[in-house]
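Just so it is clear: chains get the letters A, B, ... in the order the sequence lines come, proteins before strands, and each one is counted from 1. Here the structure is a predicted model, which is why all the values come from computation and not from measurement.
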There are 2 protein chains.
Amino acid sequence: MTTATARVLHEQGVERTTIADIARAADVPTGNVYYYFKTKDELIEAALSEHTGNLETLTAQLDRLPDPRERLKALIGGWVDQKDMAARHGCPMGTLAVELDKRYEDGLDLAAGQVIRRLVDWVAEQYRRLGAADPEGLALTLIGAYQGMSLLSNALRDPEIMTREGARLIRELDALDVV
Amino acid sequence: MTTATARVLHEQGVERTTIADIARAADVPTGNVYYYFKTKDELIEAALSEHTGNLETLTAQLDRLPDPRERLKALIGGWVDQKDMAARHGCPMGTLAVELDKRYEDGLDLAAGQVIRRLVDWVAEQYRRLGAADPEGLALTLIGAYQGMSLLSNALRDPEIMTREGARLIRELDALDVV
DNA sequence: GTCTATAGGAAGATAGAC
DNA sequence: GTCTATCTTCCTATAGAC
(Lines give C-alpha, C1' and ligand atoms only; values in the text may rest on other atoms or scores of the structure.)
Protein backbone atom coordinates (compact mmCIF):
# COMPACT_ATOMS: atom_id res chain seq x y z
CA MET A 1 0.00 0.00 0.00
CA THR A 2 2.91 2.34 0.70
CA THR A 3 4.22 1.82 -2.84
CA ALA A 4 0.81 2.49 -4.37
CA THR A 5 0.42 5.58 -2.19
CA ALA A 6 3.75 7.03 -3.32
CA ARG A 7 2.89 6.38 -6.97
CA VAL A 8 -0.56 7.99 -6.82
CA LEU A 9 0.64 11.00 -4.83
CA HIS A 10 3.28 11.55 -7.51
CA GLU A 11 0.99 11.10 -10.49
CA GLN A 12 -1.97 13.10 -9.21
CA GLY A 13 -0.23 15.44 -6.79
CA VAL A 14 -0.64 15.47 -3.02
CA GLU A 15 -3.47 17.99 -2.90
CA ARG A 16 -5.53 16.49 -5.68
CA THR A 17 -5.24 12.93 -4.40
CA THR A 18 -8.14 11.80 -2.22
CA ILE A 19 -8.15 8.97 0.30
CA ALA A 20 -10.57 7.26 -2.09
CA ASP A 21 -7.95 7.46 -4.87
CA ILE A 22 -5.36 5.78 -2.68
CA ALA A 23 -7.84 3.13 -1.56
CA ARG A 24 -8.68 2.37 -5.18
CA ALA A 25 -5.00 2.12 -6.15
CA ALA A 26 -4.39 -0.28 -3.27
CA ASP A 27 -7.64 -2.14 -4.02
CA VAL A 28 -9.22 -1.72 -0.59
CA PRO A 29 -12.42 0.03 0.53
CA THR A 30 -12.08 3.73 1.25
CA GLY A 31 -12.68 3.59 4.99
CA ASN A 32 -10.15 0.80 5.33
CA VAL A 33 -7.24 3.12 4.67
CA TYR A 34 -7.75 4.60 8.13
CA TYR A 35 -7.05 1.25 9.75
CA TYR A 36 -3.43 1.58 8.56
CA PHE A 37 -2.98 5.36 8.54
CA LYS A 38 -4.74 7.67 10.96
CA THR A 39 -4.55 10.76 8.73
CA LYS A 40 -3.66 11.88 5.22
CA ASP A 41 -0.46 13.34 6.64
CA GLU A 42 0.60 9.85 7.69
CA LEU A 43 0.07 8.67 4.12
CA ILE A 44 2.36 11.45 2.93
CA GLU A 45 4.97 10.40 5.49
CA ALA A 46 4.68 6.82 4.22
CA ALA A 47 5.37 8.05 0.69
CA LEU A 48 8.40 9.96 1.96
CA SER A 49 9.69 6.76 3.61
CA GLU A 50 9.21 4.96 0.32
CA HIS A 51 11.27 7.57 -1.50
CA THR A 52 13.97 7.43 1.17
CA GLY A 53 14.09 3.65 0.85
CA ASN A 54 14.36 3.85 -2.95
CA LEU A 55 17.20 6.32 -2.58
CA GLU A 56 19.05 4.07 -0.12
CA THR A 57 18.66 1.11 -2.47
CA LEU A 58 19.91 3.13 -5.43
CA THR A 59 22.99 4.55 -3.72
CA ALA A 60 23.83 1.14 -2.27
CA GLN A 61 23.81 -0.28 -5.80
CA LEU A 62 25.90 2.58 -7.17
CA ASP A 63 28.37 2.19 -4.30
CA ARG A 64 29.24 -1.22 -5.74
CA LEU A 65 30.85 0.51 -8.72
CA PRO A 66 34.55 1.06 -7.99
CA ASP A 67 34.94 4.55 -9.52
CA PRO A 68 33.08 7.57 -8.07
CA ARG A 69 32.94 9.14 -11.52
CA GLU A 70 31.24 6.03 -12.90
CA ARG A 71 28.81 6.11 -9.98
CA LEU A 72 27.76 9.65 -10.86
CA LYS A 73 27.48 8.78 -14.54
CA ALA A 74 25.29 5.79 -13.67
CA LEU A 75 23.14 8.06 -11.49
CA ILE A 76 22.63 10.41 -14.45
CA GLY A 77 21.93 7.44 -16.73
CA GLY A 78 19.17 6.37 -14.35
CA TRP A 79 17.60 9.83 -14.56
CA VAL A 80 17.56 9.71 -18.36
CA ASP A 81 16.04 6.22 -18.27
CA GLN A 82 13.09 7.75 -16.42
CA LYS A 83 12.62 10.50 -18.99
CA ASP A 84 9.06 9.59 -19.91
CA MET A 85 7.96 9.66 -16.29
CA ALA A 86 9.73 12.99 -15.82
CA ALA A 87 8.04 14.49 -18.89
CA ARG A 88 4.63 13.32 -17.70
CA HIS A 89 4.76 13.88 -13.94
CA GLY A 90 8.11 15.45 -13.03
CA CYS A 91 10.70 14.20 -10.55
CA PRO A 92 8.91 12.39 -7.70
CA MET A 93 11.00 14.06 -5.00
CA GLY A 94 11.11 17.49 -6.64
CA THR A 95 7.38 17.80 -7.20
CA LEU A 96 6.76 16.50 -3.68
CA ALA A 97 9.11 19.16 -2.29
CA VAL A 98 7.20 21.88 -4.16
CA GLU A 99 3.86 20.68 -2.85
CA LEU A 100 4.97 20.03 0.72
CA ASP A 101 6.52 23.49 0.99
CA LYS A 102 2.95 24.79 1.18
CA ARG A 103 1.98 22.46 4.03
CA TYR A 104 3.89 24.23 6.78
CA GLU A 105 0.77 23.96 8.93
CA ASP A 106 1.31 20.20 9.09
CA GLY A 107 5.04 20.50 9.73
CA LEU A 108 5.67 18.58 6.50
CA ASP A 109 7.16 21.55 4.65
CA LEU A 110 10.78 20.52 5.21
CA ALA A 111 10.35 16.73 4.98
CA ALA A 112 11.04 16.40 1.25
CA GLY A 113 14.05 18.64 1.58
CA GLN A 114 15.58 16.19 4.04
CA VAL A 115 15.40 13.40 1.48
CA ILE A 116 16.92 15.63 -1.19
CA ARG A 117 19.63 16.56 1.32
CA ARG A 118 20.64 12.88 1.54
CA LEU A 119 21.08 12.67 -2.21
CA VAL A 120 23.11 15.88 -2.28
CA ASP A 121 25.34 14.52 0.50
CA TRP A 122 25.90 11.26 -1.36
CA VAL A 123 26.80 13.10 -4.58
CA ALA A 124 29.11 15.46 -2.68
CA GLU A 125 30.90 12.42 -1.22
CA GLN A 126 31.57 11.13 -4.73
CA TYR A 127 33.05 14.45 -5.83
CA ARG A 128 35.14 14.48 -2.66
CA ARG A 129 36.56 11.06 -3.43
CA LEU A 130 37.37 12.30 -6.92
CA GLY A 131 39.46 15.00 -5.29
CA ALA A 132 37.33 17.84 -6.70
CA ALA A 133 37.42 21.29 -5.18
CA ASP A 134 34.08 22.38 -3.62
CA PRO A 135 32.34 18.96 -3.72
CA GLU A 136 29.24 20.39 -2.02
CA GLY A 137 28.88 23.10 -4.65
CA LEU A 138 29.32 20.61 -7.48
CA ALA A 139 26.71 18.33 -5.89
CA LEU A 140 24.18 21.16 -5.63
CA THR A 141 24.86 22.07 -9.27
CA LEU A 142 24.34 18.48 -10.41
CA ILE A 143 21.15 17.87 -8.41
CA GLY A 144 19.95 21.33 -9.39
CA ALA A 145 20.48 20.46 -13.05
CA TYR A 146 18.46 17.28 -12.53
CA GLN A 147 15.60 19.12 -10.84
CA GLY A 148 15.63 21.82 -13.49
CA MET A 149 15.65 19.48 -16.46
CA SER A 150 12.87 17.40 -14.88
CA LEU A 151 10.73 20.48 -14.33
CA LEU A 152 11.30 21.81 -17.86
CA SER A 153 10.76 18.39 -19.39
CA ASN A 154 7.47 18.20 -17.53
CA ALA A 155 6.32 21.78 -18.15
CA LEU A 156 7.16 21.56 -21.87
CA ARG A 157 6.12 17.90 -22.15
CA ASP A 158 9.38 17.00 -23.85
CA PRO A 159 11.28 13.89 -22.67
CA GLU A 160 14.15 14.67 -25.02
CA ILE A 161 15.18 17.52 -22.74
CA MET A 162 16.19 14.78 -20.29
CA THR A 163 18.23 13.03 -22.99
CA ARG A 164 20.08 16.13 -24.11
CA GLU A 165 20.73 17.54 -20.64
CA GLY A 166 21.77 14.10 -19.39
CA ALA A 167 24.32 13.84 -22.21
CA ARG A 168 25.63 17.28 -21.34
CA LEU A 169 26.04 16.38 -17.66
CA ILE A 170 27.96 13.22 -18.58
CA ARG A 171 30.24 15.22 -20.90
CA GLU A 172 30.95 17.65 -18.08
CA LEU A 173 31.75 14.79 -15.71
CA ASP A 174 34.15 13.33 -18.25
CA ALA A 175 35.77 16.73 -18.65
CA LEU A 176 36.10 17.26 -14.89
CA ASP A 177 39.81 17.36 -14.28
CA VAL A 178 40.87 16.21 -10.83
CA VAL A 179 43.85 14.94 -8.81
CA MET B 1 -6.81 42.12 -7.66
CA THR B 2 -4.93 40.19 -10.34
CA THR B 3 -1.62 41.09 -8.71
CA ALA B 4 -2.84 40.03 -5.27
CA THR B 5 -4.18 36.79 -6.75
CA ALA B 6 -0.85 35.92 -8.34
CA ARG B 7 0.99 36.65 -5.11
CA VAL B 8 -1.29 34.55 -2.89
CA LEU B 9 -1.39 31.63 -5.34
CA HIS B 10 2.41 31.63 -5.32
CA GLU B 11 2.82 31.91 -1.55
CA GLN B 12 0.15 29.42 -0.52
CA GLY B 13 0.03 27.21 -3.59
CA VAL B 14 -2.89 26.93 -6.01
CA GLU B 15 -4.59 24.00 -4.29
CA ARG B 16 -4.32 25.34 -0.76
CA THR B 17 -5.54 28.82 -1.66
CA THR B 18 -9.27 29.40 -1.13
CA ILE B 19 -11.41 32.08 -2.72
CA ALA B 20 -11.68 33.55 0.77
CA ASP B 21 -7.87 33.88 0.92
CA ILE B 22 -7.83 35.80 -2.35
CA ALA B 23 -10.74 37.98 -1.25
CA ARG B 24 -8.90 38.84 1.97
CA ALA B 25 -5.70 39.67 0.10
CA ALA B 26 -7.64 41.96 -2.25
CA ASP B 27 -9.66 43.35 0.69
CA VAL B 28 -13.10 42.51 -0.69
CA PRO B 29 -15.86 40.23 0.65
CA THR B 30 -15.59 36.59 -0.35
CA GLY B 31 -18.62 36.41 -2.58
CA ASN B 32 -17.51 39.54 -4.40
CA VAL B 33 -14.67 37.71 -6.11
CA TYR B 34 -17.21 35.98 -8.32
CA TYR B 35 -18.34 39.28 -9.74
CA TYR B 36 -14.95 39.56 -11.47
CA PHE B 37 -14.06 35.90 -11.99
CA LYS B 38 -16.65 33.23 -12.61
CA THR B 39 -14.52 30.31 -11.37
CA LYS B 40 -11.31 29.54 -9.54
CA ASP B 41 -9.83 28.48 -12.88
CA GLU B 42 -10.32 32.03 -14.17
CA LEU B 43 -8.39 33.30 -11.17
CA ILE B 44 -5.53 30.98 -12.10
CA GLU B 45 -5.65 32.26 -15.68
CA ALA B 46 -5.50 35.80 -14.36
CA ALA B 47 -2.37 34.92 -12.39
CA LEU B 48 -0.85 33.41 -15.53
CA SER B 49 -1.57 36.65 -17.41
CA GLU B 50 0.11 38.57 -14.62
CA HIS B 51 3.22 36.39 -14.92
CA THR B 52 3.22 36.77 -18.71
CA GLY B 53 2.97 40.54 -18.33
CA ASN B 54 5.82 40.63 -15.83
CA LEU B 55 7.94 38.60 -18.22
CA GLU B 56 7.18 40.95 -21.13
CA THR B 57 8.10 43.95 -18.99
CA LEU B 58 11.33 42.32 -17.88
CA THR B 59 12.53 41.28 -21.33
CA ALA B 60 11.58 44.68 -22.74
CA GLN B 61 13.82 46.29 -20.11
CA LEU B 62 16.66 43.87 -20.77
CA ASP B 63 16.35 44.45 -24.51
CA ARG B 64 17.43 48.03 -23.89
CA LEU B 65 20.90 46.75 -22.98
CA PRO B 66 23.07 46.73 -26.13
CA ASP B 67 24.93 43.44 -25.52
CA PRO B 68 23.08 40.09 -25.45
CA ARG B 69 25.62 38.73 -22.98
CA GLU B 70 24.92 41.63 -20.62
CA ARG B 71 21.19 41.00 -21.02
CA LEU B 72 21.61 37.41 -19.88
CA LYS B 73 23.85 38.45 -16.99
CA ALA B 74 21.25 41.00 -15.91
CA LEU B 75 18.57 38.31 -16.10
CA ILE B 76 20.62 36.11 -13.78
CA GLY B 77 21.28 39.06 -11.48
CA GLY B 78 17.54 39.55 -11.18
CA TRP B 79 17.08 35.92 -10.14
CA VAL B 80 19.71 36.28 -7.42
CA ASP B 81 18.05 39.48 -6.19
CA GLN B 82 14.93 37.42 -5.55
CA LYS B 83 16.80 34.79 -3.55
CA ASP B 84 14.80 35.21 -0.36
CA MET B 85 11.51 34.75 -2.18
CA ALA B 86 12.94 31.70 -3.95
CA ALA B 87 14.11 30.16 -0.68
CA ARG B 88 10.73 30.72 0.92
CA HIS B 89 8.28 29.97 -1.89
CA GLY B 90 10.23 28.85 -4.97
CA CYS B 91 10.13 30.33 -8.47
CA PRO B 92 6.61 31.67 -9.15
CA MET B 93 6.45 30.18 -12.65
CA GLY B 94 8.18 26.91 -11.76
CA THR B 95 6.01 26.08 -8.77
CA LEU B 96 2.93 27.06 -10.76
CA ALA B 97 4.00 24.70 -13.56
CA VAL B 98 4.37 21.84 -11.07
CA GLU B 99 0.94 22.45 -9.60
CA LEU B 100 -0.88 23.04 -12.88
CA ASP B 101 0.54 19.83 -14.37
CA LYS B 102 -1.90 18.01 -12.09
CA ARG B 103 -4.90 20.00 -13.30
CA TYR B 104 -5.24 18.38 -16.71
CA GLU B 105 -8.97 18.06 -16.03
CA ASP B 106 -9.24 21.84 -16.30
CA GLY B 107 -7.03 22.06 -19.37
CA LEU B 108 -4.62 24.23 -17.39
CA ASP B 109 -1.86 21.63 -17.29
CA LEU B 110 0.14 23.16 -20.16
CA ALA B 111 -0.57 26.83 -19.48
CA ALA B 112 2.46 27.50 -17.25
CA GLY B 113 4.68 25.71 -19.75
CA GLN B 114 3.67 28.22 -22.41
CA VAL B 115 4.91 31.11 -20.30
CA ILE B 116 8.17 29.28 -19.57
CA ARG B 117 8.46 28.64 -23.32
CA ARG B 118 8.45 32.38 -23.95
CA LEU B 119 11.36 32.90 -21.58
CA VAL B 120 13.30 30.03 -23.15
CA ASP B 121 12.74 31.54 -26.59
CA TRP B 122 13.92 34.96 -25.46
CA VAL B 123 17.07 33.48 -23.90
CA ALA B 124 17.72 31.38 -27.01
CA GLU B 125 17.50 34.55 -29.10
CA GLN B 126 20.23 36.16 -26.99
CA TYR B 127 22.54 33.16 -27.45
CA ARG B 128 21.79 33.24 -31.17
CA ARG B 129 22.81 36.88 -31.40
CA LEU B 130 26.00 36.00 -29.55
CA GLY B 131 26.72 33.52 -32.33
CA ALA B 132 26.66 30.52 -30.03
CA ALA B 133 26.16 27.02 -31.38
CA ASP B 134 22.90 25.37 -30.24
CA PRO B 135 21.24 28.47 -28.74
CA GLU B 136 18.10 26.49 -27.89
CA GLY B 137 20.09 23.92 -25.92
CA LEU B 138 21.99 26.63 -24.05
CA ALA B 139 18.72 28.38 -23.23
CA LEU B 140 17.19 25.20 -21.81
CA THR B 141 20.33 24.62 -19.75
CA LEU B 142 20.21 28.16 -18.36
CA ILE B 143 16.51 28.15 -17.52
CA GLY B 144 16.87 24.61 -16.18
CA ALA B 145 19.66 25.78 -13.88
CA TYR B 146 17.40 28.59 -12.66
CA GLN B 147 14.50 26.24 -11.99
CA GLY B 148 16.79 23.72 -10.28
CA MET B 149 18.51 26.24 -8.03
CA SER B 150 15.16 27.77 -7.09
CA LEU B 151 13.73 24.37 -6.18
CA LEU B 152 16.79 23.36 -4.14
CA SER B 153 16.97 26.75 -2.47
CA ASN B 154 13.33 26.33 -1.48
CA ALA B 155 13.51 22.66 -0.44
CA LEU B 156 16.65 23.24 1.62
CA ARG B 157 15.56 26.73 2.78
CA ASP B 158 18.90 28.20 1.76
CA PRO B 159 18.93 31.48 -0.21
CA GLU B 160 22.71 31.28 -0.58
CA ILE B 161 22.27 28.49 -3.10
CA MET B 162 20.85 31.19 -5.37
CA THR B 163 23.89 33.38 -4.77
CA ARG B 164 26.44 30.67 -5.45
CA GLU B 165 24.69 29.18 -8.48
CA GLY B 166 24.03 32.64 -9.88
CA ALA B 167 27.74 33.46 -9.62
CA ARG B 168 28.59 30.19 -11.39
CA LEU B 169 26.15 30.93 -14.23
CA ILE B 170 27.66 34.39 -14.71
CA ARG B 171 31.18 32.90 -14.77
CA GLU B 172 30.06 30.45 -17.44
CA LEU B 173 28.56 33.25 -19.51
CA ASP B 174 31.81 35.21 -19.28
CA ALA B 175 33.72 32.11 -20.34
CA LEU B 176 31.40 31.40 -23.27
CA ASP B 177 33.59 31.83 -26.31
CA VAL B 178 31.74 32.89 -29.45
CA VAL B 179 32.17 34.42 -32.89
C1' DG C 1 -21.70 47.34 -8.26
C1' DT C 2 -21.13 45.67 -3.45
C1' DC C 3 -22.16 42.71 0.13
C1' DT C 4 -24.38 38.76 3.28
C1' DA C 5 -26.14 34.50 3.69
C1' DT C 6 -26.38 30.08 2.24
C1' DA C 7 -26.90 26.20 -1.00
C1' DG C 8 -24.46 22.21 -2.81
C1' DG C 9 -20.91 19.12 -3.04
C1' DA C 10 -16.58 17.01 -2.15
C1' DA C 11 -13.34 14.95 0.93
C1' DG C 12 -11.29 13.74 5.50
C1' DA C 13 -12.41 11.11 9.19
C1' DT C 14 -15.33 7.99 12.26
C1' DA C 15 -18.82 4.51 14.04
C1' DG C 16 -20.08 0.29 14.25
C1' DA C 17 -21.71 -4.12 11.85
C1' DC C 18 -19.67 -8.37 10.46
C1' DG D 1 -9.16 -7.26 10.56
C1' DT D 2 -12.40 -5.83 6.92
C1' DC D 3 -16.05 -3.25 5.16
C1' DT D 4 -20.34 0.03 4.71
C1' DA D 5 -22.59 3.90 5.93
C1' DT D 6 -22.35 8.29 7.50
C1' DC D 7 -20.83 12.42 10.08
C1' DT D 8 -18.46 16.80 9.82
C1' DT D 9 -16.04 20.24 7.87
C1' DC D 10 -14.55 23.09 4.40
C1' DC D 11 -14.81 25.33 0.05
C1' DT D 12 -16.76 26.61 -4.45
C1' DA D 13 -20.36 28.87 -6.17
C1' DT D 14 -24.93 31.22 -6.19
C1' DA D 15 -29.13 33.91 -4.72
C1' DG D 16 -30.74 37.89 -3.64
C1' DA D 17 -30.86 42.19 -0.54
C1' DC D 18 -29.15 46.81 -0.78
Q | Electrostatic pair B/Arg157:A/Asp109 at N-O distance under 4.0 angstrom | A | yes
Q. To the nearest 0.5 Å, what is the distance between CG (B/Leu48) and CG (B/Leu43)?
A. 11.5 Å
Q) Expressed in angstrom and rounded to an integer, what is the separation of A/Asn32 atom CG from C/dT14 atom P? A) 15 Å
Q.
Show, in sequence, the C-alpha distance, side-chain angles and deciding distance for A/Arg103 and A/Val14, and conclude whether the side-chain contact (heavy atoms from CB on, under 4.5 Å) test is met.
A. CA-CA 10 Å; A/Arg103 295 185 77 105; A/Val14 171; 3.7 Å; yes
Q | Below 4.0 Å: OP1/OP2 of D/dA13 and any side-chain N or O of B/Tyr34 | A | yes
Q) In whole Å, what is the span from the CG atom of A/Asp27 to the C1' atom of D/dG1? A) 16 Å
Q | Length of the OH-C1' vector between B/Tyr36 and C/dT2, whole Å | A | 8 Å
(Q) With the threshold set at under 4.0 Å for non-hydrogen atoms, list the residues of residues 10-20 of chain A touching DNA chain C in residue-number order. (A) A/Thr17, A/Thr18, A/Ile19
(Q) Base, sugar-phosphate or nothing for A/Thr39? Non-hydrogen atoms, less than 4.0 Å. (A) sugar-phosphate
Q) If only side-chain N and O atoms of B/Tyr35 are considered, is one of them under 4.0 Å from the OP1 or OP2 phosphate oxygen of C/dG1? A) yes
Q: Please name the residue in the list B/Arg128, B/Gln126, B/Arg129 that meets the side chain to side chain contact (heavy atoms under 4.5 Å, CB included) test with B/Pro135.
A: B/Arg128
Q.
Can you measure A/Arg24 atom CZ to D/dT4 atom P for me and round it to whole angstrom units?
A. 14 Å
Q. What do you reckon, is CZ of B/Arg69 surrounded by more than 12 foreign heavy atoms closer than 6.0 Å?
A. yes
Q.
The test is side-chain hydrogen bond (donor to acceptor under 3.5 Å, both in side chains); show your working for B/Glu42 and B/Thr39 and say whether it passes.
A. CA-CA 5 Å; B/Glu42 286 192 12; B/Thr39 63; 4.6 Å; no
Q | Integer-rounded Å distance: D/dT9 C1' and A/Lys40 NZ | A | 15 Å
Q.
Nearest whole Å is fine: how far is C/dG1 P from B/Phe37 CZ?
A. 13 Å
